[in-house]
Amino acid sequence: QVQVVESGGGSVLAGGSLRLSCTASGFEDGLSFSNYAMGWFRQGPGSEREGVSCINWNGDHIYYVESVKGRFTISRDNAKNTLYLQMNNLKPEDSGMYYCAPPYVCVSTNMGRAFGFWGHGTQVTVSQ
């Protein structure tokens, strides 16, 4: 069973930066981390979970939700089974629990809902 651990969250002031990491392990049946597009999802208080960014297996296709374009950068290291999200110029509306998971769809113009394996998330809190 695949296990995912997200880390790197914290409390920062608006304008600050954080780098999230997500490491997956336990792949079986010939599958590996590089078989999956991966994405970051977030859920704020009282909000539905939304897709923030995703990246296909080799980085050729990357998607960002409009609200984070120019501020967030997604990347992955398949050799380390790790997904990253560099978040700069953070805003209070970026606050929430951040999760990584494979999305059903990941192309430059669209990101699908998550499926399969999830972690417990990492909390991001941005204050004024």
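Throughout, numbering of the chain's residues begins at 1 and tracks the sequence.
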- [ ] Evaluate side-chain contact (heavy atoms from CB on, under 4.5 Å) for C54 paired with M38, printing each intermediate quantity in order.
- [x] CA-CA 6 Å; C54 69; M38 290 296 296; over 6 Å; no
To the nearest 0.5 Å, how far apart are [atom1] in [X] and [atom2] in [Y]?
X: M111; Y: H61; atom1: CE; atom2: NE2; result: 15.0 Å
X: S17; Y: M87; atom1: OG; atom2: CE; result: 8.5 Å
X: N56; Y: I62; atom1: CG; atom2: CD1; result: 7.5 Å
X: I74; Y: C100; atom1: CD1; atom2: SG; result: 9.0 Å
X: K69; Y: S53; atom1: NZ; atom2: OG; result: 10.5 Å
X: T125; Y: M97; atom1: OG1; atom2: CE; result: 8.5 Å

Task: No-hydrogen, no-angle side-chain donor-acceptor test under 3.5 Å, T82 and D77 - done: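 D77 and T82 do not have a side-chain donor-acceptor pair below 3.5 Å.
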Task: Test item: side-chain donor near acceptor, R42 and Y98, under 3.5 Å - done: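 Present: a donor and an acceptor within the cut-off.
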Treating Ile, Leu, Val, Met, Phe, Trp and Tyr as nodes and any side-chain heavy-atom pair under 4.5 angstrom as an edge, say whether [X] and [Y] lie in one connected cluster.
X: V65; Y: V105; value: yes
X: V4; Y: L85; value: yes
X: V124; Y: Y64; value: yes
X: W57; Y: F115; value: no

For the ring pair [X] and [Y], is the centre-to-centre distance below 6.0 Å?
X: W40; Y: F72; answer: no
X: F41; Y: Y99; answer: no
X: F27; Y: F117; answer: yes

- [ ] Could you walk me through whether R71 and D94 pass the side-chain contact (heavy atoms from CB on, under 4.5 Å) test, one step at a time?
- [x] CA-CA 11 Å; R71 301 187 297 119; D94 295 319; 2.7 Å; yes
Open item on the list: Quick check with a 6.0 Å cut-off and a 45 degree axis cone: is R76 positioned over the face of Y36's six-membered ring?
Closed with: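 Not flagged: R76 not positioned over aromatic ring of Y36.
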TODO: Compare all side-chain heavy atoms of T23 with those of F33 and state whether any distance is below 4.5 angstrom.
DONE: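 With C-beta onward as the side chain, the pair stays apart.
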TODO: Taking the side chain as every heavy atom from C-beta outward, state whether P92 and Q128 have any atom pair closer than 4.5 Å.
DONE: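 Answer yes - side chains close enough.
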- [ ] Please test L20 against L83 for side-chain contact (heavy atoms from CB on, under 4.5 Å), starting from the C-alpha separation and ending with a verdict.
- [x] CA-CA 8 Å; L20 306 185; L83 177 74; over 6 Å; no
Open item on the list: Could you report the tightest heavy-atom contact between G112 and P103, atom names first, then the distance?
Closed with: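 Smallest heavy-atom distance, with atoms named: O-CB, 3.5 Å.
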Task: Which atom of Y104 lies closest to which atom of A114, heavy atoms considered - done: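 For Y104 versus A114, the nearest heavy atoms are CE1-O, 3.9 Å.
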Task: Verdict with supporting geometry, L18 and L90, side-chain contact (heavy atoms from CB on, under 4.5 Å) - done: CA-CA 8 Å; L18 288 171; L90 282 160; 4.0 Å; yes
Has [X] got a side-chain atom pairing as donor or acceptor with [Y]'s backbone, closer than 3.5 angstrom?
X: N35; Y: S32; value: yes
X: N58; Y: D60; value: yes
X: S95; Y: V126; value: yes
X: Q123; Y: G9; value: no

Task: E93 CD: over 12 foreign heavy atoms closer than 6.0 Å - done: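 Atom CD in E93 is packed in, count exceeds 12.
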